[in-house]
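Notes to accompany the following structure.
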Protein chains: 2
Amino acid sequence: MQSRRGYHQHCGLAKALDVVGERWTLLLVRDLLLGPRRYGDLVEALPGIGTNLLAKRLRELEEADLVTKVKLPAPVSAVAYELTAEGRALEPALHALARWGGLFLPAKPKRGDRFDLGWYLLSLKRRYLPGEGVRTALAVKTAGRVFCLVLGERVLDVREGDDAPAPLTITGEMMPIAMLCNGRASLAALEREGGVKLEGARDLWSEIFRALGNGSETTTRPRPRGTRRGTS
Amino acid sequence: MQSRRGYHQHCGLAKALDVVGERWTLLLVRDLLLGPRRYGDLVEALPGIGTNLLAKRLRELEEADLVTKVKLPAPVSAVAYELTAEGRALEPALHALARWGGLFLPAKPKRGDRFDLGWYLLSLKRRYLPGEGVRTALAVKTAGRVFCLVLGERVLDVREGDDAPAPLTITGEMMPIAMLCNGRASLAALEREGGVKLEGARDLWSEIFRALGNGSETTTRPRPRGTRRGTS
DNA sequence: CGGGATCCCAGCAGATACTG
DNA sequence: CAGTATCTGCTGGGATCCCG
């Protein structure tokens with residue numbers, strides 16, 4: 001029988017792949033990092049997965065205690081899937097893989113490749129340069145969706161659908177916003193022609209732009225995997 | 001055509017999984033991190049892979065320029081597979097995944113799980129605590145194999161079959177050596193009854209033992225971010 | 001003998017249709 | 001909306017065979 005085909009190796013990597021190594025699983029975790037998601041959201045966010053396979057993966061993730069079902073609160077009385085602490089603990093590994101995969105990523109999406117702003121905003125988390133006392137927030141609105149970036153003392157928090165108040169709001173289409181955040185397009189040009197709007201405390205933008213660590217990933221950092229201790 | 005089923009997403013993680021997301025691939029990379037390997041070595045190191053699939057994966061890795069064929073030098077005139085720089089660049093991601101998977105790893109191999117000392121020694125790389133001017137080396141001999149750990153200024157280098165001179169040599173079976181390195185067994189006890197032998201500059205051991213970072217991985221970095229909202 | 005290729009079959013993945 | 005049922009084709013596992 002040999003149920004649930006696994007590697008049967010006493011090795012952390014093999015065990016990780018036993019749990020999250022199958023097709024679609026890590027992409028599912030990636031999308032759940034933005035916050036709780038409903039089944040339909042996930043179907044739409046993962047084109048090609050097929051509804052049966054999504055259900056199977058969610059079941060497996062639930063059994064592995066990486067995901068739990070939660071009831072969404074007031075307006076939408078539906079269930080959603082949310083990462084547990086163990087699931088969120090995968091985030092460093094996802095960032096490491098994404099950083100490596102980014103080496104193969106063209107500047108613009110190839111025709112046929114889907115692009116989602118949420119994926120891009122997640123990638124900013126690993127480029128974040130805190131700076132002293134930044135601690136502000138940015139709301140990003142695009143295609144009927146809302147993202148919230150909280151620039152914390154140490155980490156950048158990115159959520160979707162989380163309507164936290166933000167002093168600065170950016171509105172526009174997905175690609176122009178991404179190009180703006182990573183410095184491949186200038187704010188002035190996009191405001192003029194690209195359909196990007198800033199509302200609120202615009203003077204915050206230059207500091208936020210810096211903190212999002214533009215282009216700092218071309219050079220591999222000397223300490224890629226933070227062994228930081230001694231939290232002052 | 002839609003050849004070579006991929007995710008078709010403009011996302012670093014998805015691209016990474018397009019390249020190395022299929023079954024056995026990352027385990028193959030892991031084993032190649034110890035140095036060039038011949039086909040037969042890999043077949044033996046990855047029980048269950050099946051010769052055809054190994055050949056296919058190696059071909060794919062070659063096409064992706066993560067692996068190259070090299071000719072082994074003098075004594076054995078055979079070909080081997082070696083990671084390219086791009087392939088080695090996967091190492092941080094493997095360590096991050098392995099660290100996460102290590103949370104699911106029991107203290108001792110479950111019956112039926114294979115254990116390889118090379119996998120364990122690789123895991124030491126992410127626990128390494130350089131200390132000032134350690135810069136020595138340790139040879140590990142077990143079951144007819146030789147590993148060499150070079151304790152560098154910043155990183156620990158681990159290779160198999162690389163006969164660099166080392167002032168200290170440890171000989172014994174795989175599990176006792178692993179237990180010794182991670183502090184779950186004492187040197188005195190293992191020398192007395194466990195079949196572990198130290199030869200050379202034994203006084204180096206205490207410093208090496210410290211640098212291998214015993215038990216320093218229980219504390220993952222504290223990232224609270226538990227702000228649950230909306231349950232009003 | 002190392003380094004694969006070939007064949008076969010079980011199980012997984014993909015797409016669509018259907019149901020509470 | 002949130003899945004389940006079903007069908008089909010493809011991938012992966014295992015054994016055997018081949019070729020230098």
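Chain naming here is simple, since letters A, B, ... match the order of the sequence lines and numbering starts at 1 in each. The figures that follow rest on heavy atoms only: side chains count, while hydrogens, waters and symmetry mates do not.
For B/Asp18 (side chain) and B/Tyr7 (main-chain N/O), a donor-acceptor pair under 3.5 Å exists by modelled atom type. Looking at A/Tyr120, its side chain never comes within 3.5 Å of a backbone N or O of A/Met179 through a donor-acceptor pair. A side-chain donor-acceptor contact under 3.5 Å links B/His8 to the backbone of B/Gly6.
As rounded to whole Å, 16 Å separates atom C1' of C/dT16 from atom CG of A/Leu54. For the pair A/Lys56 NZ and C/dA15 C1', the interatomic distance rounds to 16 Å; values are reported in whole Å. The CG-P distance, from A/Leu46 to D/dG3, rounds to 15 Å in whole Å. One can place CD of B/Glu22 at 15 Å from C1' of D/dG13, the figure rounded to the nearest angstrom. Rounding to whole angstrom units, CG of residue B/Leu53 and C1' of C/dC8 are separated by 15 Å. Atom NE2 in A/His8 sits about 10 Å away from atom P in D/dG14, given to the nearest Å.
Of the side-chain N and O atoms in A/Arg5, none sit less than 4.0 angstrom from OP1 or OP2 of D/dT11. Regarding contacts with the backbone of D/dG3, every side-chain N or O of A/Arg59 stays at 4.0 angstrom or more from both OP1 and OP2. Side-chain nitrogen and oxygen atoms of A/Arg23 include none within less than 4.0 Å of the OP1 or OP2 phosphate oxygen of D/dT11. Residue B/Trp24 places none of its side-chain N or O atoms closer than 4.0 Å to OP1 or OP2 of D/dT11.
Counting only Watson-Crick and G-U wobble pairs whose two key distances fall under 3.5 Å, DNA chain C forms stems of three or more stacked pairs at C:1-19 with D:2-20.
Considering only heavy atoms from C-beta on, A/Val70 stays 4.5 Å or farther from A/Val79 through its side chain.
Taking 4.0 Å as the cut-off between side-chain N and carboxylate O, B/Glu62 and B/Arg59 do not count as a salt-bridged pair. Classification of A/Asp113 and B/Lys15 as a salt-bridged pair holds, one side-chain N sitting under 4.0 Å from a carboxylate O. A salt bridge between A/Lys69 and A/Glu82 is absent, with no side-chain N of the basic residue lying under 4.0 Å from a carboxylate O of the acidic one. With respect to A/Asp41 and A/Arg145, no salt bridge is recorded, no charged nitrogen being found less than 4.0 Å from a carboxylate O. The pair B/Glu160-B/Arg37 meets the salt-bridge criterion, since a charged nitrogen lies less than 4.0 angstrom from a carboxylate oxygen.
The 5' end of DNA chain D is approached more closely, in terms of each residue's nearest nucleotide, by A/Leu58 than by the other of B/Ile49 and A/Leu58.
In terms of heavy atoms, A/Arg38 sits closest to A/Ala78 at CD-CB, 3.9 Å. Residue B/Tyr39 comes nearest to B/Leu58 through the heavy atom pair CD1-CD1, 3.9 Å, listed as atom of the first residue, atom of the second, then distance.
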Polar pairs (N or O, both sides) under 3.5 Å between protein and nucleotides 1-3 of chain C?
{"unit_1": "C/dG3", "atom_1": "OP1", "unit_2": "B/Val79", "atom_2": "O", "d": "3.3"}
{"unit_1": "C/dG3", "atom_1": "OP2", "unit_2": "B/Tyr39", "atom_2": "N", "d": "3.4"}
{"unit_1": "C/dG3", "atom_1": "OP2", "unit_2": "B/Gly40", "atom_2": "N", "d": "3.2"}

Classify every nucleotide of nucleotides 15-20 of chain D by which part a protein heavy atom approaches to under 4.0 Å, writing B for the base, S for the sugar-phosphate alone and - for neither, in 5'-to-3' order. BB----

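Side-chain atoms of A/Ala55 lie closest to D/dT4 of the nucleotides D/dT4, C/dG14, D/dG12.
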Under the criterion side chain to side chain donor-acceptor pair (under 3.5 Å), I'd like the reasoning laid out for A/Thr84 against A/Arg88: C-alpha separation, chi angles, the key distance, then a yes or no. CA-CA 6 Å; A/Thr84 65; A/Arg88 284 194 303 273; over 6 Å; no

